[in-house]
Protein chains: 2
Amino acid sequence: MSARNPDTKAEILRIGKQFIQFYGYNAFSYADIARELNMKNAAVHYHFRGKEDLLMALIDNYIETYQLLAKQLQHSKVSAIGKLEKFIEPYTMLCESDSICIIGSIASDYNTLPESVKVKISSLIELVMGMVEQTLAEGKKLGELHFSETARTQALLIMTNLAAGVQLARISGKKDYMSIRKALIKQLKG
Amino acid sequence: MSARNPDTKAEILRIGKQFIQFYGYNAFSYADIARELNMKNAAVHYHFRGKEDLLMALIDNYIETYQLLAKQLQHSKVSAIGKLEKFIEPYTMLCESDSICIIGSIASDYNTLPESVKVKISSLIELVMGMVEQTLAEGKKLGELHFSETARTQALLIMTNLAAGVQLARISGKKDYMSIRKALIKQLKG
DNA sequence: CAAAAAACTTACTTATTAGTAAGTAACTCT
DNA sequence: AGAGTTACTTACTAATAAGTAAGTTTTTTG
């Protein structure tokens, strides 16, 4: 099924994801990806027709990942707080590498993206939102979590705290992200 | 002091600001600005040596604006909630025009910016943060506002809710921003 | 082992970008 | 009225962007 390197496609996606999270979608080129992987830009075009296709594939990856995570969380006996901490973890990692989340990055470049990407990113957000919402609702029902807004609104508050938290941390420092993270968990615990 | 058009410089800043908030810093060119103002790209270079200088001037404008606002709020007898509402207002406007705030936009492109810009944006954030922080502390002291975190952390929570709120609204709709806005005010009041 | 398919490279093209040097028109000030 | 200044335009350059067509090498498969 493959010749020379069987997982160049995955490598391109990995680098593309890194670039989007570190520089932003409109600030890197196929030549940049190629350089990183010691190949020519045409090789990148071989695997992904254009930048749009690369971004679409990346979002698809995220959708798969979060669909899997959502299922895992549903059948898990971990506490609601534990589930939320598992959700927050990746943001903390991003912060460590001076990167921001894909959703925040794409949201910033939103008006330069083709319709196909806009639709797909929207469904990714609904997926993630739904997952957080459900975890929150469940935790509240069990008396484990405490908040007065609807689960949807509370999920929005958490998502925005995290997304902009990693963005802000780039400028004003990681300590600010850590404060946000800590406050978030504390507030939910009651 | 001028020939032909005396306020082209201000017009360029106006359009530049619009572009940054609508498309992002790395997604527009001097030619785009020139087209919008019916001139040539060289004319834009005449007023601002390069894109970096344009961005610097823009941030300077914001710093002036918020320094003024901070002073106005200090000597104002408006309630703390009233002050916060005045602070939130521009975000609501941005949301209406499918745009995001300058800070969020720059934060997303942060790693592509020259050091000079990084430093200046950082001082803008401290200015804004300080203003919100002070308003919060004051309101709490007067028994008008209620929150359990430090004023700094609470300011971070509000800032991130708003910054990412307008970003998310582009994708998932203005209703989500409105929910965030409403929840924010409600929580502080009660 | 031969043919086909996969994974590339070479070598372009076309468009856009930031930026500049030189010239020109209009206004200002003496 | 003439000189200088301001606000541009014209006309370029050099670099980078996305993308493609055609050829080459490597691997798989019948």
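Numbered from 1 within each chain, the chains take letters A, B, ... in sequence-line order. Reckoned from all heavy atoms, side chains included, excluding hydrogens, waters and symmetry mates.
The minimum heavy-atom distance between A:K120 and A:D60, with the atom names listed, is NZ-OD1, 2.9 Å. Nearest approach of A:A155 to A:M129, heavy atoms of both residues: CB-CE, 3.9 Å.
At a cut-off of 3.5 Å, with distance as the only test, a side-chain donor of A:D32 or A:S29 sits close to an acceptor on the other residue. Under 3.5 Å, the side chains of A:Q18 and A:E36 contain no donor-acceptor pair of N or O atoms.
With sequence neighbours excluded, the residues that form a side chain to side chain contact (heavy atoms under 4.5 Å, CB included) with B:S99 are B:Q21, B:F22, B:L94, B:S97. Residues forming a side-chain hydrogen bond (donor to acceptor under 3.5 Å, both in side chains) with A:Q187 (at least two apart in sequence, or on another chain): none.
Residues from residues 13-29 of chain A lying near DNA chain D, meaning a heavy-atom separation below 4.0 Å, are A:F28, A:S29 in numerical order. Residues from residues 105-117 of chain B with heavy atoms under 4.0 angstrom of DNA chain C: there are none.
Regarding contacts with the backbone of D:dC8, a side-chain N or O of B:H47 is found under 4.0 angstrom from either OP1 or OP2.
A cation-pi arrangement is absent between B:K9 and B:Y46 under the rule of less than 6.0 angstrom and at most 45 degrees off the ring axis.
Sorted by first and then second residue, the pairs that involve residues 51-94 of chain A and meet ring-ring contact (aromatic ring centres under 6.0 Å, His included), not counting sequence neighbours, are A:F87-A:Y91.
The distance from atom CG of B:N38 to atom P of D:dT10 is 13 Å, rounded to the nearest whole Å. Taking atom CZ of residue A:F48 and atom P of nucleotide C:dC8, one finds them 12 Å apart after rounding to whole Å. Rounded to whole Å, the distance from NZ on B:K40 to P on D:dC12 is 14 Å. Between the CG atom of B:L54 and the P atom of C:dG19 there is a distance of 11 Å, rounded to whole Å. Atom CG in B:D7 sits roughly 14 Å away from atom C1' in D:dC8 (whole-Å rounding). Regarding B:I12, its CD1 atom lies at a distance of 11 Å from the C1' atom of D:dC8, rounded to whole Å.
A side-chain donor-acceptor contact under 3.5 Å links B:D53 to the backbone of B:G50. Remark: the backbone N or O of B:I20 is paired with a side-chain donor or acceptor of B:S105 at under 3.5 angstrom.
The side chain of A:Y46 approaches C:dA6 more closely than any other nucleotide in the set D:dA17, D:dC8, C:dA6.
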Give each protein N/O atom lying under 3.5 Å from an N/O atom of nucleotides 19-22 of chain D, with the pair distance.
{"from": "D:dG19", "atom 1": "O6", "to": "A:N41", "atom 2": "ND2", "distance (Å)": "3.4"}

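Ion pairing of A:E144 with A:K189 is absent here, as no side-chain N (NZ or NE/NH1/NH2) approaches a carboxylate O to less than 4.0 Å.
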